[in-house]
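Structure below; questions to follow.
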Amino acid sequence: MEDFKPKFLAKSAMARKAADAAIGATKKALVEMARKHGRIVHLVHPAHTTMDCAQCGARTKHRLPLSERTYACTACGAVSPRDKNSARVMLVRAGLQPG
Ligand SMILES: [Zn+2]
């Protein structure tokens, strides 16, 4: 999972506290379930997971708009759905081999 810090979403101190608590509770529940079932949770630094290429590691110069659903790497030519690309970037960062 991304070690997500939702600061850009919160517009007030109260909203930030609520968001932090919700994210904290979700993280805690996930880690707890993993422990219970003998699985490992890797917290991955969330920066640029949508901008890095999962194939070659190149970083795009510009942020993909949310409406753009396909990631196309200008360095190696890899094309994949943006969420799949991000998921693979996270696996690589966690030190795992994406299958
Ligand atoms: Zn690439």
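All figures in this text were calculated on a predicted structure; none of them were measured in a lab. Order of listing sets the numbers, starting from 1, for every ligand and every atom in it.
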**Complete:** Rounded to the nearest 0.5 angstrom, the CZ-NE2 distance for R63 and H48 is 8.0 Å

**Request:** Would you list the pairs meeting side-chain hydrogen bond (donor to acceptor under 3.5 Å, both in side chains) in which at least one residue belongs to residues 73-99, sequence neighbours left out?
**Result:** D52-R93, R69-D83

Under 3.5 Å, sequence neighbours excluded: what are the donor-acceptor pairs made by side chains of residues 25-35?
from : atom 1 : to  : atom 2 : distance (Å)
T26  : OG1    : A22 : O      : 2.8
K27  : NZ     : D3  : OD1    : 2.6
E32  : OE2    : R35 : NH2    : 2.9

**Message:** Clusters formed by hydrophobic residues whose side-chain heavy atoms approach within less than 4.5 Å: which one holds L96, and what are its other members?
**Reply:** L91

**Message:** Would you say that more than 12 heavy atoms from the other residues, nucleotides or ligands in this model lie under 6.0 Å from the CZ of R59, or not?
**Reply:** yes

**Prompt:** Say you draw a straight line from CE of M51 to NE2 of H62; how long is it, rounded to the nearest 0.5 Å?
**Reply:** 8.5 Å

**Request:** At a cut-off of 2.8 Å, list the protein N/O/S atoms near the Zn ion (ligand 1), residue plus atom name.
**Result:** C53 SG, C56 SG, C73 SG, C76 SG

